[in-house]
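Reviewing the structure listed below.
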Protein chains: 2
Amino acid sequence: MAVDRKQQIIEAATNSFSLFGYKATTMDQVARLANVGKGTIYTFFKNKEELFDEIIQSLIAEMREVAEEAVDPSLSFYENAHRALFQILQFRKRHQLTIKLFQEGKEMGTPAVIEVMTMMEDAILSFIKEKISLAVEVGEIKPCNPEVTAFVMLKLYISLIFDWEQRKEPLSEEEILRLFELYLFEGLSI
Amino acid sequence: MAVDRKQQIIEAATNSFSLFGYKATTMDQVARLANVGKGTIYTFFKNKEELFDEIIQSLIAEMREVAEEAVDPSLSFYENAHRALFQILQFRKRHQLTIKLFQEGKEMGTPAVIEVMTMMEDAILSFIKEKISLAVEVGEIKPCNPEVTAFVMLKLYISLIFDWEQRKEPLSEEEILRLFELYLFEGLSI
DNA sequence: GGAATGACTAAATGAACAAAATGGTCATTA
DNA sequence: TAATGACCATTTTGTTCATTTAGTCATTCC
């Protein structure tokens, strides 16, 4: 075959998921968009959910790459934490697919979407956790539970970037970095 | 009548809201529970939402009182934050109403509930902000934007109590206080 | 011969309609 | 004159059924 049918299917599905969401994307539509018979999809993917999962796994891998790229070994842990988290969240903001799915998960509660969003969050948490564990070992930050700390960091970031934006003027990247530093690293005590 | 009908209605409604939520509480039910004709409710309250609002206003006032009582001017900001936080924790446990409404707002998105939860959040934020401003003026904590700081404190608190519980074993009160202290006051830096 | 296909089926979905429940009113009652 | 519950308009819930959809498989095509 001249063209890679599997790739065609993945691209068609990604486009449709991005545009209409998971539920509103039909396998007929994916087949049509991919210029492929519907049955062909099932020679590459067991079912709709597996096709979806494979797309999300790529997305997660891409996110990890972006985050990893943001890390600069010559910088401090807190600066790197900020850079990585900021990049991940910006990535999420930029990619139509993540935006659409976030919406669908919240508004319609589609189970497959919720499952996948949890996977994405877990991937982010596991990435941060890894970095925290390392920083603790090296003695760059105080000993702490890496799992809870990763969770708190992510939540703090989401609060500052997404939630704060709902009520007030968005914070600039510099402000976010400064706040991150102030609250999580220096602490408020005199 | 010997008994205060308005009070009866408020108590019945509070019970039902706590037990079944706002939407699932019918005015017939409130009337029945209050041993009152349905029309009587409407001599005291314009409609269901006003009855709800009045109950929430009391709840907010009560929360403020509880928090205010916990504050001891002779203690440090840090210690007072502990005490207020602890009291609010205890308060939350006593009031299924808050929990039920929080759930309903998130899961069903009942507009009246969302509106009221926003009011509660604003009340809490304004309370914390006030205390932070004072502490900064007195030089008890580092200078910081009181509004953002209050926001971050509340979000951290909600993350630790509600969100963490969704994925892992709930944290004990002692653990929550310890984490709050570690992340916000001491900071992670060595 | 084996990959690709699209007509086919069982299951899921949602539109449309009917029935029940609910918020709010008001004439009657005590 | 305050309290009430039958009553009404509207909303919500339950049900039916035609349509749509995910997934299969006999047939086609290279």
Side-chain angles (χ1 to χ4, degrees), chain A residues 1-56 100-101 104-105 107-116, chain B residues 1-56 100-101 104-105 107-116:
Chain A
M1 50 192 132
V3 281
D4 185 346
R5 304 178 104 69
K6 186 174 178 184
Q7 203 49 44
Q8 272 179 298
I9 292 166
I10 288 179
E11 272 161 33
T14 304
N15 278 333
S16 186
F17 287 146
S18 301
L19 218 50
F20 308 112
Y22 177 76
K23 230 189 130 190
T25 291
T26 71
M27 294 303 260
D28 274 310
Q29 194 179 13
V30 172
R32 209 176 329 116
L33 288 171
N35 282 315
V36 144
K38 188 159 61 150
T40 309
I41 300 176
Y42 290 88
T43 64
F44 294 112
F45 305 95
K46 212 175 78 227
N47 52 38
K48 186 180 179 182
E49 199 161 338
E50 208 170 75
L51 167 60
F52 187 43
D53 278 355
E54 190 157 326
I55 288 172
I56 296 299
K100 193 76 200 177
L101 292 179
E104 190 174 346
E107 284 170 17
M108 314 176 64
T110 319
V113 174
I114 290 176
E115 195 186 299
V116 139
Chain B
M1 235 314 150
V3 282
D4 185 347
R5 304 177 102 71
K6 187 175 178 183
Q7 204 49 43
Q8 272 179 299
I9 293 165
I10 288 179
E11 271 161 34
T14 304
N15 278 335
S16 185
F17 286 146
S18 300
L19 218 50
F20 308 111
Y22 176 76
K23 231 191 128 190
T25 291
T26 70
M27 294 303 260
D28 275 311
Q29 194 179 12
V30 172
R32 210 174 329 114
L33 288 171
N35 282 315
V36 142
K38 188 159 60 146
T40 309
I41 299 176
Y42 289 88
T43 65
F44 293 112
F45 305 95
K46 209 173 82 229
N47 52 38
K48 187 181 179 183
E49 198 161 338
E50 208 170 76
L51 167 61
F52 186 43
D53 278 354
E54 190 157 325
I55 288 171
I56 297 298
K100 191 79 199 173
L101 292 178
E104 189 175 346
E107 285 170 18
M108 315 177 62
T110 320
V113 173
I114 289 176
E115 194 187 299
V116 139

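In what follows, chains carry the letters A, B, and so on, assigned in the order in which the sequence lines appear, proteins first and then strands, with residues in each chain numbered from 1. All values reported here derive from a predicted model rather than from experimental measurement.
Summarising the geometry of Leu101(B) relative to Val113(B), their closest heavy-atom pair is O-CG1, 3.3 Å, with the distance given to 0.1 Å. Taking both residues in full, the closest heavy atoms of Phe20(B) and Lys100(B) are given as C-CE, 3.7 Å, listed atom of the first, atom of the second, then distance. Nearest heavy atom pair, residue Ile41(A) against residue Ile9(A), reads CA-CD1, 3.9 Å. The two atoms that bring Gly109(B) and Ile114(B) nearest to each other are O-CD1, 3.6 Å, heavy atoms only.
Contact between the side-chain N/O atoms of Arg32(A) and the OP1/OP2 oxygens of dT21(D) is not found at any separation under 4.0 Å. Contact annotation: Lys6(A) side-chain N/O to dA4(C) OP1/OP2 distance is not under 4.0 Å. Put simply, Arg5(B) has no side-chain N or O that comes within less than 4.0 Å of OP1 or OP2 on dA2(D).
Atom CG in Asn35(A) sits roughly 21 Å away from atom P in dA3(C) (whole-Å rounding). Ile41(A) places its CD1 atom 17 Å from the P atom of dA3(C), with the value rounded to the nearest Å.
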Can you check nucleotides 27-30 of chain C for protein contacts, nitrogen or oxygen pairs under 3.5 Å, and list what you find?
none

Any N/O pairs under 3.5 Å between the protein and nucleotides 24-26 of chain C? List them or say none.
unit_1: dG24(C); atom_1: OP2; unit_2: Tyr42(B); atom_2: OH; d: 3.0
unit_1: dG24(C); atom_1: OP2; unit_2: Lys48(B); atom_2: N; d: 2.8
unit_1: dG24(C); atom_1: N7; unit_2: Lys38(B); atom_2: NZ; d: 3.0
unit_1: dG24(C); atom_1: O6; unit_2: Lys38(B); atom_2: NZ; d: 2.4

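Looking at Glu104(A), its side chain does come within 3.5 Å of a backbone N or O of Tyr22(A) through a donor-acceptor pair. Remark: side-chain polar atoms of Ser16(A) are not paired, donor with acceptor, to backbone N or O of Ala13(A) under 3.5 angstrom. Looking at Glu50(A), its side chain never comes within 3.5 Å of a backbone N or O of Phe45(A) through a donor-acceptor pair.
Asp28(B) is listed as a side-chain neighbour of Lys38(B), based on a closest heavy-atom distance under 4.5 Å.
Considering only side-chain atoms of Phe44(B), the nucleotide from dA3(D), dT4(D), dG14(C) that sits closest is dA3(D).
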